[in-house]
> 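Okay, here's the structure, questions in a sec.
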Amino acid sequence: MFTGIVEEVGTVTAVDRGRHSAVLTIQARTVLEDAKVGDSIAVNGICLTVTGRTAGHFTADVMHETLDRSSLAGLRPGTAVNLERAMAVGGRFGGHIVSGHVDGVGRIKSIRRDDNAIWYTISASPALLRYIVEKGSITVDGISLTVARVDGSGFSISAIPHTVAQTVLFHRREGDLVNLENDIIGKYVEKLLAPAPDPSRERGITREFLTQYGF
């Protein structure tokens, strides 16, 4: 589990591509202070497992499903990425509950300044917008942000200069793809509010069933 509070910006130094997969090598410092092989690190909001590490780098495997549902397929050597270690027990909850399981991608439609705020308007599919609510939480490239506005085609967030300077938002331009993870609480609530399956319909023909209907 993560909180969406980015710890540092790392740099992709190598991308070894398979037919439908990839192995990333990422240069970092802070997230490697106590990282071991098998630990989880969120890379642009995607939970990846550390498969190897050196003094200043770690490697992570990226599966076919992850490449299909995220912007990681576009990473190249030299690309900056947001990094966050999994939350330690007893740590501060500075953002919101982030699983690191990206729901899909959005595209930056516009970026504008408003005094000390920077507004990012992001287009998203109806399937993603279903769970995005004004003043709710959204994770953009692993950054926990508050939704300022939402309409039928997208949503907007307003970031302070510190957040922009300390994350890959600094490098983002209009037209760029970003990873989106919706607030997981909303998805669980929707699932629990759906009608429960009728167990009797799953048992098939039983003696009780036949007796009930006169056989």
> Looking only at heavy atoms, what is the nearest atom pair of Val164 and Ala159, with distance?
CG2-CB, 3.9 Å

> Are Glu174 and Arg107 within salt-bridge range, i.e. N to O under 4.0 Å?
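Salt bridge absent between Glu174 and Arg107.
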
> How many angstroms lie between NZ in Lys187 and NE2 in His101, if you round to the nearest 0.5 Å?
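Result: 9.5 Å between the selected atoms.
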
> Between Asp114 (side chain only) and Ala117 (backbone N and O only), is there a donor and an acceptor less than 3.5 Å apart?
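Judged by distance alone, no pair lies under 3.5 Å.
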
> Counting only heavy atoms not in Arg17, do more than 12 fall under 6.0 Å of its CZ?
yes

> Does any pair with a residue in residues 58-100 pass ring pair (Phe, Tyr, Trp, His ring centres under 6.0 Å), and if so which ones, sequence neighbours excluded?
His20-His64

> Any luck finding a side-chain donor-acceptor pair between Glu181 and Ser99 under 3.5 Å?
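Note: Glu181 and Ser99 side chains meet the donor-acceptor criterion.
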
> Considering only heavy atoms from C-beta outward, does the side chain of Thr49 approach that of Asp61 to under 4.5 Å?
no

> Taking side chain as C-beta onward, heavy atoms only, is Arg85 less than 4.5 Å from Val31?
yes

> Please report the interatomic distance CD1(Ile97) to CZ(Phe2), rounded to the nearest 0.5 Å.
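So the CD1 of Ile97 and the CZ of Phe2 are separated by 13.5 Å.
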
> Do you know which two heavy atoms are closest between Val102 and Leu180, and how far apart they sit?
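Minimum heavy-atom separation between Val102 and Leu180: CG1-O, 3.2 Å.
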
> In Å and rounded to the nearest 0.5 Å, what is the CD1 to CE distance from Ile184 to Met1?
10.0 Å

> For residues Ser158 and Arg149, determine if any side-chain heavy atom of one lies less than 4.5 Å from a side-chain heavy atom of the other.
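Side chain of Ser158 against side chain of Arg149, heavy atoms only: no contact under 4.5 Å found.
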
> Under the side-chain contact (heavy atoms from CB on, under 4.5 Å) criterion, do Cys47 and Ser40 qualify, and how do the steps go?
CA-CA 6 Å; Cys47 178; Ser40 296; 3.7 Å; yes

> Is there side-chain contact between Val178 and Asn44, with at least one heavy-atom pair below 4.5 Å?
no

> Can you find a heavy atom in the side chain of Thr11 that is under 4.5 Å from one in the side chain of Thr79?
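No, too far: nothing below the 4.5 Å cut-off.
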
> Is a donor from one side chain sitting under 3.5 angstrom from an acceptor on the other, for Thr51 and Thr59?
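The answer is yes; a qualifying pair exists.
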
> At their closest point, which heavy atom of Ala80 faces which heavy atom of Val168, and how far apart are they?
O-CG1, 3.4 Å

> Look at atom CZ of Arg29 and say whether more than 12 heavy atoms of other residues, nucleotides or ligands are closer to it than 6.0 Å.
no

> Passes side-chain contact (heavy atoms from CB on, under 4.5 Å), Asp141 versus Thr167? Steps please.
CA-CA 9 Å; Asp141 276 343; Thr167 68; over 6 Å; no

> Do Leu75 and Ile108 sit in the same hydrophobic cluster, where Ile, Leu, Val, Met, Phe, Trp and Tyr count as joined when their side-chain heavy atoms come under 4.5 Å apart?
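Each belongs to a different hydrophobic cluster.
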
> Thr121 and Ser156: side-chain donor and acceptor closer than 3.5 Å?
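Short answer, yes.
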
> Would you kindly confirm whether Ile122 and Phe170 end up in one hydrophobic cluster when ILVMFWY residues are joined by side chain heavy atoms under 4.5 Å apart?
yes

> Using side-chain contact (heavy atoms from CB on, under 4.5 Å), reason through Asp183 and Tyr131 one step at a time and then give a plain yes or no.
CA-CA 7 Å; Asp183 189 346; Tyr131 303 100; over 6 Å; no

> Looking at His57, is its backbone amide N or carbonyl O close enough to the side chain of Thr54 to form a donor-acceptor pair, meaning the two atoms are under 3.5 Å apart?
yes

> Which pair of non-hydrogen atoms, one from Lys109 and one from Ser123, has the smallest distance, and what is that distance?
CD-CB, 3.4 Å

> Minimum heavy-atom separation for Val150 to Val147, with atom names?
CB-CG1, 4.3 Å

> Do the charged groups of Arg173 and Asp176 touch, with an N to O distance under 4.0 Å?
no

> Would you say the side chain of Glu8 lies within less than 4.5 Å of the side chain of Asn82, judging by non-hydrogen atoms?
no

> Would you say the side chains of Ser71 and Asn179 form a donor-acceptor pair under 3.5 Å?
yes

> Quick one: do Ile138 and Phe155 satisfy side-chain contact (heavy atoms from CB on, under 4.5 Å)? Show the steps, please.
CA-CA 10 Å; Ile138 185 75; Phe155 65 96; 4.1 Å; yes

> Hydrophobic clusters here meaning ILVMFWY residues chained together by side-chain heavy-atom distances under 4.5 Å, can you tell me if Leu145 and Val133 are in one?
no

> Taking Leu128 as the starting point, is it possible to reach Leu177 by hopping between hydrophobic residues whose side chains are less than 4.5 Å apart?
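Each belongs to a different hydrophobic cluster.
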
> Is Tyr120 linked to Leu129 within one hydrophobic cluster, defined over Ile, Leu, Val, Met, Phe, Trp and Tyr using a side-chain heavy-atom separation of less than 4.5 Å?
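In one cluster with Tyr120: Leu129, yes.
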
> For Val98 and Thr3, which heavy atoms make the closest approach, and how far apart are they?
CG2-C, 3.8 Å

> To the nearest 0.5 Å, what is the distance between CG (Leu193) and OH (Tyr188)?
14.5 Å

> With heavy-atom distances below 4.5 Å as the criterion, would you say the side chains of Leu72 and Thr66 are in contact?
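Result yes, sub-4.5 Å side-chain heavy-atom pair found.
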
> Hey, does Val6 have a side-chain heavy atom less than 4.5 Å from the side chain of Glu84?
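No, too far: nothing below the 4.5 Å cut-off.
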
> CD1/Ile5 to CE/Met87 distance, rounded to the nearest 0.5 angstrom?
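Ile5 CD1 to Met87 CE: 10.5 Å, rounded to 0.5 Å.
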
> Mind checking the CG-CD1 spacing from Leu169 to Ile111? Nearest 0.5 Å is all I need.
8.0 Å

